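Lettering follows sequence order; numbering is per chain, from 1. Here the structure is a predicted model, which means the values were calculated and not measured.
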Number of protein chains: 2
Amino acid sequence: MTTRAARAAPRYAQVAADLRAEIQRGDYGAGSAMPTESALCARYGVSRFTVREALRQLQAEGLIRRRRGSGTVVDPDGGSALRQSLTDVKELLQYASGSTYQFEPVGPVVLSPQRARDLNAEAGERWHLFEGLRTMAGHHRPIAYTAAYVHDAFAAVVPKVRRGETIFRQLERLGGIKIAKVTQDIRAIGAGAREAELLKVPRRSPCLSILRCYVDTTGRIVEMSLSVHPGDLFTYSMHIDEV
Amino acid sequence: MTTRAARAAPRYAQVAADLRAEIQRGDYGAGSAMPTESALCARYGVSRFTVREALRQLQAEGLIRRRRGSGTVVDPDGGSALRQSLTDVKELLQYASGSTYQFEPVGPVVLSPQRARDLNAEAGERWHLFEGLRTMAGHHRPIAYTAAYVHDAFAAVVPKVRRGETIFRQLERLGGIKIAKVTQDIRAIGAGAREAELLKVPRRSPCLSILRCYVDTTGRIVEMSLSVHPGDLFTYSMHIDEV
DNA sequence: AAACGAAATTTGTCCGGACATATTGAGGGC
DNA sequence: GCCCTCAATATGTCCGGACAAATTTCGTTT
């Protein structure tokens with residue numbers, strides 16, 4: 001091989017890099033529409049395959065959101081710092097093989113300032129709370145305590161929510177909506193009084209906290225869930241290919 | 001695969017579901033080769049586009065690994081329990097916008113049993129240690145302490161490693177290898193004595209621990225890095241589309 | 001004005017083909 | 001045996017086209 005260093009990047013990567021620069025420069029204000037696929041084909045003189053591959057990359061990075069029939073828009077909070085983006089987890093969101101999950105409706109609650117800060121939400125809002133514990137077969141200590149909050153707009157369907165299926169899937173079916181995006185924030189926290197008691201760990205012991213926000217196609221937050229895992233029992237694993 | 005309509009799911013999803021079931025049933029022993037794309041085209045009577053879309057899905061789930069020229073193999077540890085698998089983070093592995101990272105070579109170390117357990121490695125092995133701190137502009141407290149261990153096979157190139165570029169990229173260039181996969185385990189731990197001092201947090205306070213293993217194309221672990229982040233300063237964010 | 005429905009728009013799925021590039025293995029030369 | 005070259009193989013990139021499905025737009029009707 002003669003020219004070792006400068007091997008040109010594939011065309012879709014160049015298109016992606018160009019669009020990424022435009023987005024981060026603010027050429028398409030957050031939330032506003034981007035050019036359509038055919039427009040990009042004409043602009044760069046490439047096929048739709050190449051454009052779609054570039055857009056797929058930007059979507060995986062969380063910079064854009066796409067909807068069939070609607071178009072491509074810049075994700076309003078896609079450029080926030082300290083954010084790593086991942087895709088395509090399908091049904092696995094709530095699983096843990098060999099574990100069972102039981103939740104109970106608690107009722108409507110109004111967020112306290114403290115709780116609102118934990119959830120990254122507004123204090124005083126009314127949400128419908130579900131509480132649950134996840135246990136592994138053979139273990140006596142639970143591996144997770146979960147508090148799920150459903151928006152008050154779904155008050156009518158909340159009594160119909162059953163165990164055995166994720167809450168957000170039931171909200172989709174019963175509420176006639178579609179979850180388009182899930183954000184997930186992972187932090188280390190000290191166990192609070194309630195978590196310590198339910199998870200059988202000492203108070204203030206290190207726990208993994210996973211806050212999920214379920215957003216529908218119109219951008220409204222439909223459900224929030226806060227899971228707390230004992231630090232010694234739970235590891236969140238992932239892998240990256242094609243480094 | 002069923003010839004039944006099942007018009008709800010696109011064809012590539014049906015192919016993916018069929019292959020996923022075969023993999024989990026153990027039809028292709030872990031690490032062994034799967035049928036080639038053209039073989040799958042013939043078997044399912046679909047185009048290469050559809051097969052590649054199905055394989056892309058399985059790769060995103062971490063079930064398979066693919067290499068140009070070589071083929072597709074079942075990922076040996078793709079089916080392990082308590083593991084959520086995610087993909088495609090590309091270059092963003094080590095970033096944190098607005099932060100700076102400084103590391104220093106410490107020298108060769110032999111893993112103590114304690115440290116080996118933290119790293120999920122063998123005690124007594126010899127690795128080359130680098131230590132570093134990551135600080136955000138404007139903050140006086142660091143947001144991460146990182147210990148990176150390079151395998152002894154790269155002892156010759158370790159003195160050539162410089163700041164300003166990730167260690168694993170330099171190992172690729174200087175050592176003539178290629179990182180094919182990165183695994184990442186996130187846990188909540190209590191700050192140890194050393195972390196507490198460097199990160200300016202109380203001992204045993206909750207911290208986020210991120211253990212990364214860099215694996216080359218032949219499956220050898222080339223580098224391991226253990227980052228510890230103060231729980232109150234660091235959140236690991238991600239998002240999932242197309243739920 | 002509100003409700004309805006058809007048409008245009010836009011992304012998703014799928015096909016067949018072509019060439020590029022990385023890997024592997026067989027064969028030949030030393 | 002060892003090393004090099006070359007061909008076969010498998011995945012990556014890219015093209016042009018076609019139809020399907022979801023959404024939006026807009027004109028028509030009530």
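The distance between atom CZ of A:R66 and atom C1' of D:dA21, rounded to the nearest whole Å, is 15 Å. Computed from coordinates, the A:M34 CE to C:dT9 P distance equals 20 Å when rounded to whole Å. Between A:E53 atom CD and C:dC14 atom P the separation is 16 Å, expressed in whole Å. With rounding to whole Å, B:E37 atom CD is found 15 Å from C:dG17 atom C1'. Nucleotide C:dC14 holds its C1' atom 13 Å from the CD atom of B:Q14, rounded to whole Å. The distance between atom CZ of B:R67 and atom P of C:dT24, rounded to the nearest whole Å, is 5 Å. Computed from coordinates, the A:R65 CZ to C:dT10 C1' distance equals 17 Å when rounded to whole Å. The interatomic distance linking A:I64 (CD1) with C:dT10 (C1') rounds to 14 Å, in whole Å.
Under 4.0 Å is where a charged nitrogen must lie from a carboxylate oxygen, and between A:E53 and A:R11 no such pair does. Comment: B:E37 does not engage B:R56 in a salt bridge, judged by the lack of any side-chain N to carboxylate O separation of less than 4.0 angstrom. Comment: A:R43 engages A:D18 in a salt bridge, judged by a side-chain N to carboxylate O separation of less than 4.0 angstrom. Salt bridge status for A:D216 with A:K181: absent, with no side-chain N to carboxylate O gap under 4.0 Å.
Within the structure, a side-chain polar atom (N or O) of A:Y12 is placed less than 4.0 Å from OP1 or OP2 of D:dT13. Contact annotation: B:S70 side-chain N/O to C:dT23 OP1/OP2 distance is not under 4.0 Å.
If you check every strand for non-hydrogen atoms under 4.0 Å, B:S38 touches nothing.
Residue A:R48 places a side-chain atom within donor-acceptor reach of the base of C:dG12, judged by atom type and a 3.5 Å distance cut-off alone. Between the side chain of B:R56 and the base of D:dG12 there is no donor-acceptor pair of N/O atoms closer than 3.5 Å.
For the pair A:R68 and A:R11, nearest-nucleotide mapping onto DNA chain D gives the more 5' position to A:R11.
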